[in-house]
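See below for the structure under consideration.
The first residue in the sequence is number 1, and the count goes up from there.
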Amino acid sequence: MRVRPKKSAPAESMPEAQAFSFPAPIRGLILNENIAMASQGGAAVLDNWICTTTGIRARAGTSPHIPLGGKVRSMFAYRSGGVEVAFAARTAAIYPITASSLTEPTAAVTGQTSGYYSTEQFGTAGGDFLYAVNGSDKARLFNGTTWTQIDGTSTPAITGADTENFSHVWSFASRLFFVKKNSTMCYYLPVDSIAGAVSEFSLAGIFKRGGNLLYGATWSLDAGDGLDDKCVFVSDQGEVAIYEGTNPGDAAAWSKAGVYSITPPLGRKAKMQAGGDLLIATQTGLVPISQAISRDIAALEMSSVSKNITPLWQSQAFALSAVGWEIEKWPTENVMVITQPSDTEDTCLVANLQTGAWSKFTGLNVQCLVQFDNSLFFGGADGTVYRFESSGSDSGTAYTAAYLGKSEELGVSGMQKTVAQVRAKFRGKTKVKPLVTAKTDYNENLSSPPNASTEVGAGAIWGASKWGEATWGGATVSTQAVWSAVGRTGFAVAPEVQVTFGGVAKPDVELVAIDATFHVGALVT
């Protein structure tokens, strides 16, 4: 008996494969949209990526800078001419951290009882000075070489107040201001002075919700230091008093512009000057002061800079606000980083300064921040100061950059789709072996991360390599795009890309797009 070969199905009966392209999520993490009507360019998960204007760049790893032997509470820097000096504080001492070291440095200041400092650099005819206050110990003044304890008998001296009660310091209209802890009072010095007799300025009766004055700040409407600057006083209950003028002691040169409501702020350092606006981190979002003076408190959430990540922001704010948050701009990388100090959760928030697109760093216990040496540093609960963007791993530990896109119906609404293949398009100097797959029907549970497997090299040469892996313009930037089989079925599809890093060299790789091929099935009923 002869067995006849099985006939193939007619070509017209085979479903035709279709293609769909997901652009890189340059809008960043988007958590406030209808998941069934999401716009392109957003992400449901975006861990350890930095949004750019052209794609998303995998963050580099971190490396130890200097050990301090105890939880790092705050960090700050002094700059004068070509001199740049950085410090970090534990509860009992302040340490110089400018130079990297494998051993704990000798403390510059000892005998302290609180490491949570507010600092302000102030210039006078006598030079540049840095004030540090913490609301528990006497104020300290750094002149570029030496720290001096400031009180009523020191040289220089502040009289008229106990400096151990100074919990926050800032400058406005060429004066230094100090918050008196647990009160609605602040003090201020004469113009262009780092010492002398302080005068009192009380906000008693101004704040209607009670509570205390938490901090003050300068709101510079023109992104500079000029006549249009306003002095902002923020209470711990979420009230903002704004004053205009130059001298709180002269009614003709000082006036109240208004008192406005926000939700409670997240710390003395949780604020940032952004162009002509002042951003204040509150329990409901990162609020521009320009919106706080023109909108009801109930409407501020929708006008906040953090509105795209509102659910994440608010859950973290209520769970992780025991220690004040901090905001630090890193202009050379075009990002701002926001701490969420915790002993149990290792995360911080990151936003592109140009586009406002958000992402999240994970695996990093970021207690506080400082920028110096053109880099950003953070202090950890383990007592070590670390440098961002300086390694291929997090101090020898592998980390994963994970992206999950927003679900799409691939242009075919209401129909089942079977995703056959997905490929991620990367560009950069680092060759990666990513996990590339897809989730269906709004499943946002990430797959197990891939093993660390990256290679940094010259790249392939155009004309002598496989298509899609060739270097443009020599050994600089190469493209990578490899198909991965998926085989998942659903009516909505979201791309997933994960890359694990654990090498020595800093990764240089940017995700620019994800392609998918799929077949259309039956109508979903």
Side-chain angles (χ1 to χ4, degrees), residues 60-122 128-134 136-137 139-149 169 267-269 323-333 335-339 341 343 346 348 361 364-391 394-396 506:
T62 61
S63 58
H65 177 68
I66 197 167
L68 295 188
K71 179 185 289 189
V72 186
R73 302 286 183 176
S74 57
M75 298 194 294
F76 34 92
Y78 167 91
R79 300 173 183 86
S80 179
V83 176
E84 184 177 47
V85 186
F87 298 93
R90 290 168 42 191
T91 297
I94 299 174
Y95 297 85
I97 61 167
T98 308
S100 181
S101 174
L102 297 176
T103 59
E104 181 179 321
T106 301
V109 176
T110 58
Q112 302 299 93
T113 60
S114 172
Y116 189 64
Y117 289 89
S118 166
T119 62
E120 180 74 6
Q121 184 163 323
F122 191 75
D128 295 315
F129 301 88
L130 179 73
Y131 256 110
V133 301
N134 62 18
S136 298
D137 305 299
R140 295 282 176 161
L141 183 68
F142 183 68
N143 64 2
T145 304
T146 305
W147 284 97
T148 301
Q149 179 175 279
V169 57
R268 298 186 185 100
K269 301 180 183 180
V323 179
W325 293 17
E326 296 184 19
I327 305 176
E328 187 73 36
K329 279 195 290 189
W330 192 4
T332 56
E333 295 297 323
V335 298
M336 66 175 172
V337 179
I338 303 180
T339 69
D343 291 338
D346 298 339
C348 61
F361 285 177
L364 305 177
N365 187 273
V366 182
Q367 298 288 319
C368 50
L369 299 163
V370 69
Q371 183 193 168
F372 71 95
D373 191 28
N374 292 319
S375 295
L376 189 65
F377 296 79
F378 71 92
D382 63 355
T384 301
V385 174
Y386 296 90
R387 184 192 291 257
F388 278 108
E389 295 282 303
S390 57
S391 175
D394 283 340
S395 304
K506 291 169 53 177

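Taking both residues in full, the closest heavy atoms of T103 and I66 are given as O-CG1, 4.0 Å, listed atom of the first, atom of the second, then distance. Scanning both residues, C348 and V366, for their nearest heavy atoms gives SG-CG2, 4.0 Å. In terms of heavy-atom proximity, G115 sits nearest to S74 at O-OG, 2.5 Å. Of all heavy-atom pairs between F87 and A108, the closest is CE2-CB, 4.4 Å. V169 and T119 get closest at one heavy-atom pair: CG1-C, 3.7 Å. Shown here for V85 and T98, the closest heavy-atom pair between the two residues is CA-OG1, 3.4 Å.
Relative ring orientation between Y117 and F76 is described as perpendicular, the plane-to-plane angle rising above 60° on a 0-90° scale split at 30° and 60°. Ring geometry for F388 against F361 counts as tilted: the plane angle lies between 30° and 60°, on a 0 to 90° scale.
Y78 contributes a side-chain N or O that, together with a main-chain N or O of D128, makes up a donor-acceptor pair within less than 3.5 Å. A donor-acceptor pair under 3.5 Å links the side-chain atoms of S390 to the main chain of S63, judged by distance alone. Judged purely by atom type and a 3.5 angstrom limit, R268 has no side-chain atom pairing as donor or acceptor with the backbone of S118. Counting only distance, with no hydrogens or angles, the side chain of E84 and the backbone of D373 share a donor-acceptor pair below 3.5 Å. A donor-acceptor pair is defined here as one N or O able to donate and one able to accept, closer than 3.5 Å; no such pair exists between the side chain of Q371 and the backbone of E328. With hydrogens and angles disregarded, a donor-acceptor distance shorter than 3.5 Å links the side chain of E389 to the backbone of A60.
Annotation: side chain of Q149 is in contact with side chain of R140 (closest heavy-atom distance under 4.5 Å). Using a 4.5 Å heavy-atom threshold, the side chains of P67 and L102 count as separate.
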query = Checking side-chain hydrogen bond (donor to acceptor under 3.5 Å, both in side chains) for the pair R387/S375: CA distance, chi angles, key distance, verdict?
reply = CA-CA 7 Å; R387 184 192 291 257; S375 295; 2.8 Å; yes
ask   = T148 and N143: side-chain contact (heavy atoms from CB on, under 4.5 Å), yes or no, with the steps?
value = CA-CA 8 Å; T148 301; N143 64 2; 5.7 Å; no
ask   = Step by step, would you call N134 with R73 a side-chain contact (heavy atoms from CB on, under 4.5 Å)?
value = CA-CA 11 Å; N134 62 18; R73 302 286 183 176; over 6 Å; no
task = Run the numbers on W147 and L130 for side-chain contact (heavy atoms from CB on, under 4.5 Å), then give the verdict.
result = CA-CA 9 Å; W147 284 97; L130 179 73; 4.0 Å; yes
request  = Could you walk me through whether L376 and E333 pass side-chain contact (heavy atoms from CB on, under 4.5 Å), step by step?
outcome  = CA-CA 9 Å; L376 189 65; E333 295 297 323; over 6 Å; no
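For the atom pair CD1 (I338) and CH2 (W325), the distance works out to 7.5 Å, reported to the nearest 0.5 Å. The line from CG of L369 to OG1 of T339 is 5.5 Å long, rounded to the nearest 0.5 Å. Distance check: I97 CD1 to E104 CD gives 12.5 Å after rounding to the nearest 0.5 Å. In this structure, the separation between SG on C368 and CD on E326 is 5.5 Å, given to the nearest 0.5 Å. For the atom pair N365 CG and D343 CG, the distance stands at 6.5 Å (nearest 0.5 Å).
Taking the six-membered ring wherever Trp is involved, the centroid distance between the rings of F377 and F372 falls below 6.0 Å. Taking the ring centroids of Y386 and F378, they lie under the 6.0 Å cut-off.
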